[in-house]
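Computed over heavy atoms, backbone and side chain alike; hydrogens, waters and symmetry mates excluded. Note that the coordinates shown come from a computational prediction; the quantities given were computed from them, not determined experimentally.
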Amino acid sequence: MSSVPAKTREYRLPKADGFHNLTLTEAPIPQLKSTEVLVKIHAVSLQYRDLIVAKSQYPMPQKENVVPCSDMAGEIVAVGAQVKGWSVGDREVKATCLGAPVDGVLTEYKVLPVHALVRVPEHLNYEEASTLPCAALTAYNALMGPKPLKGGDTVLVQGTGGVSIFGLQLAVASGATVIATSSSDAKLEVAKKLGAAHTINYTKILDWDEEVLKITNGRGVDHIIEVGGPGTLMKSVNAIRCGGSIGVLGFVAGQADISMLPVQVIVKTIVLHGILVGSRTEFEDMNKLISAVKLKPIVDKVFSFEEAREAYEYQASQKHVGKVVIKVSKE
């Protein structure tokens, strides 16, 4: 069990024109309010959002000199007087978006409201658990939204980043058939090992949407985890079945002409679902599935707290499959 410190080391972005500005500083830990807890952060996972926050390209409000990152797993070291259901020593992750409009979690200790906490599945270590709050929950929300995934469905996941890999794992765990795309044959081999029934290298098969239709005998897939945004959305619309569901959660593929999107959505009665992470209830439901099947998040590489810049650089290189994690605590 950890003692309660007076100060914390934390990273800040004094200038938001790149992650090279990450600066390690020391700050006092605020006094706990009655409904708050103090968390010793053991691990933080990175995501694409962290890269664009560092460059001030996040499309939502962002404070100056922010403590970045939103995804962590840690241990409670102190509780407020009115906190119930949580105790010192409990392992938890948080279920709110931080690291842009308000200070995030790339820090050794963090004060959090108790309503933001969700328990860590018992079979996961801190590094694995830190990947759940955004990547896993976003994928779960995409699959379990207005038209929930069911066994026997076919799912298309784009790429092998954190959200897509979780989408693959969760879909397979739910009895679905998964088609995965990537620009790397090596990454597609990893996807196969995780249960992808079909893989498509979109640099070799440019019309990957037509390939999806061939695989599904012209029917199209039931669900698509759409991370590309406008750059891939019309191909996803072609690859989805009539009445299928597209979870739109990213824009990594750049811009393209989507002027025909409204017509195609109507003609094919597509459910186009915009996704921004998920709720605490969805998080808890997802953790039940993760615990039941003993699902293990794919952690590509772990960096030390002092190697935060290197971790960002590796995230930006897109060499990873799954998640990149910063191990904050040495204990």
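The pair E306-R9 counts as a salt bridge, with a side-chain nitrogen and a carboxylate oxygen less than 4.0 angstrom apart. Using a 4.0 Å cut-off between a side-chain N of Lys or Arg and a carboxylate O of Asp or Glu, R280 and E284 qualify as a salt bridge.
Heavy-atom neighbours of K7 NZ from other residues, nucleotides or ligands within 6.0 Å: at or below the threshold of 12. The environment of K15 atom NZ is sparse: at most 12 non-hydrogen atoms of other residues, nucleotides or ligands sit within 6.0 angstrom. Around CD of E26, the count of heavy atoms belonging to other residues, nucleotides or ligands within 6.0 Å exceeds 12.
A heavy-atom distance below 4.5 Å is found between the side chains of L132 and F166. H123 places a side-chain heavy atom less than 4.5 Å from the side chain of I290. In this structure the side chain of Y126 reaches within 4.5 angstrom of the side chain of E75, judged on heavy atoms. T160 is not listed as a side-chain neighbour of V190, based on a closest heavy-atom distance of 4.5 Å or more. Counting heavy atoms from C-beta on, the side chains of L46 and C69 come closer than 4.5 Å. Looking at L289 and L295, their side chains never come closer than 4.5 Å, going by heavy atoms from C-beta outward.
Panel note: side chain K110, backbone D103; a donor-acceptor pair is recorded below 3.5 Å. Of the possible donor and acceptor atoms, none in the side chain of K187 sits under 3.5 Å from a partner among the backbone N and O of S182. No donor-acceptor distance shorter than 3.5 angstrom exists from the side chain of K296 to the backbone of E128, with no hydrogens or angles considered. A side-chain donor-acceptor contact under 3.5 Å links R91 to the backbone of L124. Within the 3.5 Å criterion, the main-chain N or O of S291 finds a donor-acceptor partner in the side chain of K294. Between the side chain of T25 and the main chain of E10, a donor-acceptor pair closer than 3.5 Å is present. In this structure a side-chain-to-backbone donor-acceptor pair under 3.5 Å is present from N141 to V277. A distance-only check finds a donor-acceptor pair linking the side chain of S45 to the backbone of S130 [under 3.5 Å]. Here the side chain of K301 pairs no donor or acceptor atom with the backbone of V325 at under 3.5 angstrom. Within the 3.5 Å criterion, the main-chain N or O of A135 finds no donor-acceptor partner in the side chain of Q47.
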Report, one line per pair, each donor and acceptor closer than 3.5 Å where one atom sits in a side chain of residues 310-321; sequence neighbours left out.
from, atom 1, to, atom 2, distance (Å)
Y314, OH, D300, OD1, 2.7
S317, OG, Y314, O, 2.7
S317, OG, K319, N, 3.3

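Remark: the N238 side chain and the E210 side chain contain an N/O donor-acceptor pair separated by less than 3.5 Å. In this model, a donor atom of one side chain and an acceptor atom of the other lie less than 3.5 Å apart for R49 and Y58. Side-chain atoms of T232 and E226 form a donor-acceptor pair, as typed in the model, at a separation below 3.5 Å.
Hydrophobic clustering places I240 together with V265 (ILVMFWY residues linked when any side-chain heavy atoms are closer than 4.5 Å, directly or through intermediates).
Taking the six-membered ring wherever Trp is involved, the centroid distance between the rings of Y140 and F283 does not fall below 6.0 Å.
For the pairing with L143, the side-chain contact (heavy atoms from CB on, under 4.5 Å) check across V157, T138, I225 returns one residue only, I225.
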